[in-house]
Student: 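Following this message is one structure expressed as C-alpha cells.
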There are 2 protein chains.
Amino acid sequence: MEMKSVTRSLRILEAVAQHQPVTVGELTKLFGLPKSTVQRTLVTLAEAGWLRANRRDTTRWEIGARVLAVRPAALQGSSLFAAAREPMVRLRDEVNETIHLSVPDALQCMVVVDRVDCDHAVRTFHAIGDTSPLHATAAGRSVLAHLPKRDIEELIARGLERYSDTTPTDPDELRAELGRIRTDGYAVNLNQYRPGVCAIAAPVLDEDGTPLATVAVSMPDSRFDVNRLPDWGRIVADTAAEVTGRRLNA
Amino acid sequence: MEMKSVTRSLRILEAVAQHQPVTVGELTKLFGLPKSTVQRTLVTLAEAGWLRANRRDTTRWEIGARVLAVRPAALQGSSLFAAAREPMVRLRDEVNETIHLSVPDALQCMVVVDRVDCDHAVRTFHAIGDTSPLHATAAGRSVLAHLPKRDIEELIARGLERYSDTTPTDPDELRAELGRIRTDGYAVNLNQYRPGVCAIAAPVLDEDGTPLATVAVSMPDSRFDVNRLPDWGRIVADTAAEVTGRRLNA
DNA sequence: AGGGGCCGTGCCACAATGTGGAACGTTGTG
DNA sequence: CACAACGTTCCACATTGTGGCACGGCCCCT
C-alpha cells in the first residue's frame, strides 16, 4: 500500500522486458503517465544497472545484464540448471518433444525456467518466464502432489479455476489425481489448461522431499498416444529422479 | 540522481538475492537503515511479486520467480540459451573442462549466464551472475575484438585496470591482441584476471556481426597446455560458431 | 516460568522526495 | 523550410516516503 514510486518503477521495468527495446513515448502511452515521470524512472533504473540504452538506437531502452545476478534461491549458483541440463537433452532425444523445466512460485503458479526444443514443425511453445496454474497442468500437479496436505488444502480452498472443459475443478477429483501421481511417479495433462496441449511431468525433489522443480514433456494432442503413456511416464520420472540425484551430488 | 527510494529498493533486492533467505534485521545491519524503512521496502517488493516469504521460515525473505520473466533481450525466449546448451555440453565432453556462457553488459563487463561443469576434482568456479572486466579476460576480449573501433577506444580511454602482473594495461598491447583474436577466431587468458585461472573463448555473433555472447573453456593453469592451444582454440571457435548458427535458425 | 532477542506491524509529524506541466532542443518528414 | 513528433530538462508544489518509537507475538536460553 505504499512506495508508489517503487511499485511503478518495477511495473515499468517489467514492461521494458516485454517490449524491449522500447522508447519513452511507447511507455507513456502504455501507462498513461506523464512523459517526465517515465523518463525519470528509466534513468534511475539505468543508473542502478537494471536498464541500459540500446547500443544501436540510444533512444530505446532494454534490460541490463544486472538482473541475471538476481535469481530465486532454487536456481542460485545454477545447481538446478546445471544438474537438469543433460538429462533434459537426453530426454528430448529419446521422445523428440519439447522439454520444460519449471519451478513453483510459492503456492501461486509454476514458472518455466528452461527449455529444450524438439524438431517437429508443429510443437508446443512456452517462453522462459511463462507461468501456469498449479492445479491445471501436469507440471503444477506433479509439484502439488508432493507438498504437505495443508498446502494442498489451502490451494483448494482458494478455488480451482476452470480453463477448459477437462480442468479438474472438483476438490475430490483433484485429491484422487494427486494420489495417483504419488503412486505412479508422474502427472499427466490432456488439454486441461491450454487447448491442444498435453504433457507428462515428474518432480525434482530437495533433500527432504520438498518439490523444487519439475521436468515436463509437452506436445500437441495430435501426437499424444495413450499407449505410450506408461512408458513415457516412466522415462520422465527417471529423468526427474536423475536430476534430483545430480543436484544433491553437486 | 533521483528516486532515492527506487534505488534503495533495488539495492535491497540485490542484497536479498545474495543473502537469501534473509531477515529484516540482517538487512538493517547490512545497510544501516531504520528497520521500518527496510520492512516497508520488503513488503512493497513482495506485493509486486519480486520477493516472497520463505515457505519454511516465514520471517525470512527470498527472491520470487517473477524476476525470471525479466531478462536481457539477447536471452529473451531463451533462444541463446537453448541454442548454446548442446554445443556447450559437447565441448565439455571433448575437453573435460568447465564451459561458461557469458554476455556483455553494455561496455561495462561480462556476466556469466550459464555453465557446464567438468568432472575434475580441481576446477575453476564462476557462479551465474558473476561479472568480469572486458579487457582482462578471454571472454571479454573475444567480445571486445568484434565491437566497433569507437567502442574499443572508449573502453581504452576509460583506463585499463590491472588485476595481475600479466593483465594487458597497455593500449597498444591490447589493440594488437584484439587483432590477433580477430584473425585466430579465439581469445586466450593466462592468469590475467584471477590468479591461477586460464581460459580460451570465442564469440557468438548476431546476424550483423555484433557479439552477443561468448563461449569459454576455463581451467586451472596447472592443466593449461600450450601445445594443445591451437587445437582447443579451433574447437572453441567451432562451438561458438555452431551456437551462432543454431540461434539464427531457431 | 521468566526474560531477552528478534520478528512483523502500526502510528504519525515532518520535510525530503518525487511529481508532472510546460518549455527546450533535436531529428526527420512532407 | 516549417511543422510535427519525440526525447530531455527544469522547477515550484504538495504528495510521498521517512524513521523514530512503541506494541504484540514467537522462540530460545537460563
Side-chain angles (χ1 to χ4, degrees), chain A residues 1-64 73 106-108 148 150-151 154 208, chain B residues 1-64 73 106 150:
Chain A
M1 288 284 116
E2 22 202 7
M3 309 232 112
K4 221 163 158 177
S5 61
V6 173
T7 305
R8 189 167 46 205
S9 298
L10 293 175
R11 283 245 190 81
I12 289 178
L13 188 61
E14 289 165 11
V16 172
Q18 276 175 24
H19 299 96
Q20 63 185 318
V22 70
T23 65
V24 177
E26 288 161 7
L27 290 169
T28 63
K29 274 175 209 150
L30 193 60
F31 286 98
L33 289 168
K35 228 175 4 172
S36 51
T37 300
V38 175
Q39 162 79 356
R40 193 167 352 100
T41 305
L42 290 175
V43 170
T44 303
L45 292 172
E47 278 174 357
W50 288 67
L51 291 184
R52 64 183 178 205
N54 185 285
R55 294 204 64 73
R56 299 172 204 180
D57 177 353
T58 55
T59 77
R60 293 189 168 268
W61 298 86
E62 59 190 23
I63 300 294
L107 267 184
Q108 301 298 322
R150 69 170 177 287
D151 287 341
E154 184 186 328
D208 58 1
Chain B
M1 284 286 113
E2 24 202 6
M3 307 229 117
K4 220 163 159 175
S5 61
V6 173
T7 305
R8 188 167 49 207
S9 299
L10 294 175
R11 284 246 189 81
I12 289 178
L13 189 62
E14 288 166 10
V16 172
Q18 275 174 26
H19 299 96
Q20 65 186 316
V22 70
T23 65
V24 176
E26 288 161 7
L27 290 169
T28 63
K29 275 174 209 149
L30 193 60
F31 287 99
L33 287 169
K35 206 170 39 160
S36 51
T37 299
V38 174
Q39 161 76 0
R40 194 168 348 102
T41 304
L42 290 175
V43 170
T44 303
L45 291 172
E47 277 174 358
W50 287 67
L51 291 183
R52 65 183 178 206
N54 185 285
R55 291 204 65 74
R56 298 171 204 181
D57 178 353
T58 55
T59 78
R60 293 190 167 270
W61 297 86
E62 59 190 22
I63 299 294
R150 70 170 177 286

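Quick note: numbers below take in every heavy atom, side chains included, and nothing from hydrogens, waters or symmetry partners. Reminder, nothing fancy here: chain letters follow the sequence lines and each chain counts from 1.
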Student: A:Ser5 side chain N/O closer than 4.0 Å to the phosphate oxygens (OP1, OP2) of C:dG18?
Tutor: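 It does not, given that no N or O in the side chain of A:Ser5 lies less than 4.0 Å from OP1 or OP2 of C:dG18.
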Student: Give me the one residue out of B:Thr23, B:Val22, B:Thr37, B:Val24 that meets side-chain contact (heavy atoms from CB on, under 4.5 Å) with B:Leu42.
Tutor: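 Of all the options given, the one that passes is B:Val24.
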Student: How many Å lie between CD on B:Glu47 and P on D:dG17, as a whole number?
Tutor: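 So the two atoms are 12 Å apart, to the nearest Å.
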Student: For B:Thr28 and B:Lys35, work out which heavy atoms get closest and say how close.
Tutor: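 Reported closest heavy-atom pair: CG2-CA, 3.6 Å.
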Student: Send over the distance from A:Lys4 NZ to D:dT16 C1', rounded to a whole Å.
Tutor: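 The distance from NZ of A:Lys4 to C1' of D:dT16 comes to 9 Å, rounded to the nearest Å.
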Student: Can you tell me how far the CZ atom of A:Arg52 sits from the CD atom of A:Gln20, to the nearest 0.5 Å?
Tutor: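 Going from the CZ atom of A:Arg52 to the CD atom of A:Gln20 covers 8.5 Å.
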Student: Is there any protein nitrogen or oxygen under 3.5 Å from a nitrogen or oxygen in nucleotides 5-11 of chain C, and what are the pairs?
Tutor:
from, atom 1, to, atom 2, distance (Å)
C:dC7, OP1, B:Thr23, OG1, 2.9
C:dG8, OP1, B:Thr59, O, 3.0
C:dG8, OP1, B:Trp61, NE1, 3.2
C:dT9, OP2, B:Gln39, NE2, 3.0

Student: I'd like to check the side chain to side chain donor-acceptor pair (under 3.5 Å) partners of B:Ser9; sequence neighbours left out, ordered by chain and number.
Tutor: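 Applying side chain to side chain donor-acceptor pair (under 3.5 Å) to B:Ser9 gives none.
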Student: Do A:Glu26 and A:Trp61 pair up side chain to side chain, a donor and an acceptor below 3.5 Å, judged on atom types alone?
Tutor: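 Their side chains do not contain a donor-acceptor pair, so the 3.5 Å distance test is not met.
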Student: I need the CG-P distance between A:Asp57 and C:dG28, as an integer number of Å.
Tutor: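 Taking atom P of C:dG28 as the reference, CG of A:Asp57 is at 10 Å.
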Student: Say you draw a straight line from CG of B:Leu10 to CD of A:Glu47; how long is it, rounded to the nearest 0.5 Å?
Tutor: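 Spacing of CG (B:Leu10) from CD (A:Glu47) equals 11.5 Å.
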Student: What is the distance from CG of B:Leu33 to P of D:dC21, rounded to the nearest Å?
Tutor: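 So the two atoms are 16 Å apart, to the nearest Å.
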